[in-house]
Amino acid sequence: MEWSPPSTSPSPSLVVRSPRQTVSLIRNRRPHRDWAPSTRSPSFAARDHGPKPSEVYGFVGSITTVIATAVYLAWAYTPEPVLRSVGITYYPSKYWALAVPSFLIVAVVLSMGIYMGLNFVATPPPTSCGTIFDENSRERTTFSPAIEEETPIEPISDISIDQINNLMFGDR
């Protein structure tokens with residue numbers, strides 16, 4: 001007994017020929033027609049499918065980090081006789097298992113301290129006029145519009161130190 005295809009062919013809306021069409025069917029909930037003109041430009045269609053490069057780099061980076069951590073912990077905590085029995089004879093000294101992380105932590109702490117120190121050195125003292133006025137300071141200009149109903153937005157300006165003191169501390 002031979003197999004023969006059914007006499008009725010399936011409708012074109014039920015035939016799925018590629019994964020892209022499957023995604024399109026799921027996304028749009030309507031059949032994808034090959035004969036219909038595409039409303040999207042080819043560049044949009046190319047950008048619409050597939051992972052973004054940043055997602056790929058993030059995935060590869062996370063997998064690499066997990067593998068590197070596992071190898072590091074295996075090297076740091078496995079005794080030397082066990083490593084030799086497995087056949088691993090060339091590896092760094094166990095001293096570096098503690099020296100490198102300690103060095104990195106000290107480097108981060110020192111860099112934060114140096115960064116804060118440089119900010120303190122670059123900041124003018126509180127008694128300097130540079131804390132109140134500099135080359136980018138803008139005095140407030142008075143603007144009187146000709147028509148009273150339309151009040152325009154005032155130009156950007158600095159608030160004077162007298163106004164700030166009055167707002168914060170009141171008239172003393």
Side-chain angles (χ1 to χ4, degrees), residues 18-32 36-78 91-172:
S18 71
R20 185 173 288 171
Q21 287 178 345
T22 305
V23 171
S24 175
L25 284 173
I26 292 171
R27 186 177 297 151
N28 297 332
R29 300 281 188 212
R30 62 180 182 223
H32 179 74
S38 177
T39 57
R40 296 181 180 176
S41 66
S43 63
F44 180 79
R47 281 184 281 135
D48 194 27
H49 300 290
K52 297 177 184 175
S54 60
E55 293 173 353
V56 174
Y57 294 148
F59 177 73
V60 170
S62 64
I63 296 297
T64 305
T65 302
V66 168
I67 291 172
T69 303
V71 168
Y72 171 78
L73 291 175
W75 162 65
Y77 289 110
T78 305
Y91 50 87
S93 172
K94 299 286 183 167
Y95 164 81
W96 295 107
L98 292 175
V100 170
S102 301
F103 174 76
L104 291 176
I105 290 172
V106 169
V108 167
V109 169
L110 283 177
S111 65
M112 287 191 298
I114 290 171
Y115 180 73
M116 288 190 321
L118 289 174
N119 281 333
F120 281 130
V121 168
T123 304
T127 57
S128 171
C129 286
T131 59
I132 301 171
F133 301 108
D134 63 355
E135 65 273 2
N136 297 317
S137 297
R138 295 185 182 188
E139 294 291 327
R140 187 172 185 177
T141 58
T142 57
F143 182 74
S144 58
I147 302 173
E148 292 293 327
E149 292 99 28
E150 295 182 22
T151 307
I153 297 173
E154 294 183 14
I156 296 175
S157 63
D158 292 329
I159 300 173
S160 69
I161 192 73
D162 297 330
Q163 289 176 335
I164 292 174
N165 285 336
N166 286 334
L167 289 173
M168 289 181 67
F169 306 113
D171 294 327
R172 290 187 184 182

Exercise for the section: Could you tell me which non-hydrogen atom of Lys94 sits nearest to which non-hydrogen atom of Ala76, and how far apart they are? Expected result: NZ-O, 3.8 Å

Problem - Ile156 atom CD1, over 12 foreign heavy atoms within 6.0 Å - result: no

Practice task
Quick one: closest heavy-atom pair of Thr123 and Asn119, and the distance?
Solution key: OG1-O, 2.6 Å

Exercise for the section: Kindly write out the residues that satisfy ring pair (Phe, Tyr, Trp, His ring centres under 6.0 Å) with Tyr72, not counting sequence neighbours, or none if the list is empty. Expected result: Trp75

Completion exercise
Output for pair (Asn166 CG, Ser160 OG), nearest 0.5 Å, gives 8.0 Å

Problem - Heavy-atom neighbours of Tyr91 OH exceed 12 at 6.0 Å - result: yes

I'd like a table of donor-acceptor pairs (distance under 3.5 Å, sequence neighbours excluded) in which one partner is a side-chain atom from residues 97-106, with atom names and distances.
{"residue": "Ser102", "atom": "OG", "partner": "Leu98", "partner atom": "O", "Å": "2.7"}

For residues 58-67, which side-chain N or O atoms pair as donor and acceptor with protein atoms under 3.5 Å away, sequence neighbours left out?
{"residue": "Ser62", "atom": "OG", "partner": "Gly58", "partner atom": "O", "Å": "3.3"}
{"residue": "Ser62", "atom": "OG", "partner": "Phe59", "partner atom": "O", "Å": "2.8"}
{"residue": "Thr64", "atom": "OG1", "partner": "Val60", "partner atom": "O", "Å": "2.7"}
{"residue": "Thr65", "atom": "OG1", "partner": "Gly61", "partner atom": "O", "Å": "2.7"}

